[in-house]
Each structure stands twice: as C-alpha cells, then as structure tokens.
Protein chains: 2
Amino acid sequence: MVTITPIQLQAGQVFHALSDPTRLELIQRLAGGEQCVCDLTDALKTGQSRLSFHLKVLKDAGLIRDRREGRWMYYALNEEAFEEAAELIRMLKNGDSVTRTAKRRC
Amino acid sequence: MVTITPIQLQAGQVFHALSDPTRLELIQRLAGGEQCVCDLTDALKTGQSRLSFHLKVLKDAGLIRDRREGRWMYYALNEEAFEEAAELIRMLKNGDSVTRTAKRRC
DNA sequence: ACAATACATAAACAATTATTGATGTGTCAA
DNA sequence: TTGACACATCAATAATTGTTTATGTATTGT
C-alpha cells in the first residue's frame, strides 16, 4: 500500500494530462494563442467529441482555461499552471517533496 | 488523425512516468539518495514485482538509473532528466514546440 | 418559435496500463 | 555445487483511459 497525499494526486493529474500526444498537440496549438474548438478540430482533423474529451482533461488539470463567446468556446493555456508544473518537477528532483506545493510569492 | 513526432513520444513517456502516485512516491524516496529495491519495498510496504514494474517505467523514461552491487540493485534519480523535463514544460508553455528538445549548452 | 451552429456529455466499446502470483536469472555463502 | 537471496520478467486478470456514435444544451439568426 502507498499513502497518497492530495498534492501527489494533483501532480499525478497534471502530469497525466501532459502524457498524451493529442493533448501535447493541443497545447502546442494553444501556445500560439486562444483558439475555439472548431479551430482545433480543423487543425487536428479529428472528431469534435474527442477533442472535447482531451480539452476537459487539460482543463481539469488546470493547464488550460475556457471562455465562452457566443456559440464558441475559446481555450487558452493557463501559463501559471505550466510554471507550477515545471517547479514541481524541480521540487521532486530536490526532494523538496510533493507534500506541499509551496507557491513562491514573487 | 494526429501526427506524432518522436519528441512528443518521449515527452509523453516522461510525463506518463510522472503521472502515477506510486512512482511519485518512489521518486521522493530516491530524492533522499540511492536505494536498493529491498529498501523501497520495505518503505512502501508493497510487492516486489509491483515496484520492479514501476521502476522500469521510470527507468525507461530516463528518470532514474540503476547500478548492481552484488545481489542488490541500487536505483537513483537521474537529475539531468528532471531538469530536461522541467525545461520541456517551459518550452510547451512558450510554444517553443516539442519538435526539438534542444539541449542548451551551459 | 424554429432551425442551425458550436460544443458538451453519455454510453458502448477498444486499447492501454497496473496488479498479482508464478517462474526465471544472477550472485553469494557455505 | 547447492541453496538462499535479491531482483526481473511473464502471464492472467483487473482497472483505467481513450475513441466513437449518438444525443443533449446553449446560443444565434431568421
């Protein structure tokens, strides 16, 4: 048995979101700026519900956020979350442990 | 259809390795220094073959390395790989794209 | 109010990943 | 050389994750 801390769960969720090729592709597209789902389905040439699924995984992990404008949903990277994820990896390496996600105040 | 670049595959592999609670726990232990499998099974109180499985996932992703000493296998973090992973996340965020993993020379 | 658009969600199924128990391999001590 | 130890690997199964098709929901134009 392994005891799982809440932060390990969160870390797991974030890294899991980053572990899929389709989602990495989505992230690359969104790095170029906000896009609606229709842009993304065009770009990736794939089914809408499939993208909806992956966008949800990314959103649940906090890596992207969405905004409705009329009929369209615009998705964009949540840059902070990426910084935090990178920092998390550093903490893992340093054994600073993932038991607290101490956010540095600027 | 989504075209998958080799680097996306590698990134996927690394983040997938980081996406599991057991493996995060292993990483935390190893952050404290090299350990043999027996130390880890004691610490996590779980089956040896289960840990062997997870250690292999981490090793295949390049996050840890192993060293045999007599009957024991010692595992340790591969710190470089963690730095690269953190950098990868930054690149994702910046849209530097994951199509080349350009290693910065120091 | 109605039809069309843009998207989310659900259900059935497929594929991948993790766990468990058994067996195999290398090393050492006697 | 044999037996015990430390670990890896395999095969069967369970659990999780992803895909697809169908359907639901919000918004807009008419």
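Just so it is clear: chains get the letters A, B, ... in the order the sequence lines come, proteins before strands, and each one is counted from 1. Remember, predicted model here, so these are calculated numbers, not experimental data.
The distance from atom NZ of Lys56(A) to atom P of dT19(D) is 16 Å, rounded to the nearest whole Å. In this entry the distance linking OH of Tyr74(B) with P of dT27(C) reads 15 Å, nearest Å. A straight line from CE of Met73(A) to P of dT25(D) spans 17 Å, rounded to a whole angstrom. Counting to the nearest Å, the P atom of dT17(C) and the NE2 atom of His16(B) are 5 Å from each other. Here the C1' atom of nucleotide dT16(D) and the CD atom of Gln13(A) are 14 Å apart, to the nearest Å. We find that CZ of Phe53(A) is positioned 24 Å from P of dA6(C), with the value rounded to whole Å. Put simply, CZ on Arg23(B) is 8 Å from C1' on dT17(C), counting in whole angstrom units.
Residue side chain Arg71(B) reaches the base of dC28(C) through a donor-acceptor N/O pair under 3.5 Å, judged by distance alone. Donor-acceptor pairing under 3.5 Å, judged by distance alone, is present between the side chain of Ser49(A) and the base of dT21(D). Donor-acceptor pairing under 3.5 Å, judged by distance alone, is present between the side chain of Gln48(A) and the base of dA8(C).
Distance from the side chain of Val37(B) is smallest for dC7(D) among the nucleotides dA26(D), dT19(D), dC7(D). Distances from the side chain of Cys36(B) to the nucleotides dA18(C), dC7(D), dC7(C) place dC7(D) closest. Closest approach to the Arg50(A) side chain among dC7(C), dA8(D), dT20(D) is made by dT20(D) (side chain taken as heavy atoms from C-beta onward).
OP1 or OP2 of dT19(D) has at least one side-chain nitrogen or oxygen of His54(A) nearer than 4.0 Å. The side chain of Tyr75(A) contributes an N or O atom lying less than 4.0 Å from OP1 or OP2 of dA8(C).
Using a cut-off of 4.0 Å between Lys/Arg side-chain N and Asp/Glu carboxylate O, Arg67(A) and Glu69(A) are scored as salt-bridged.
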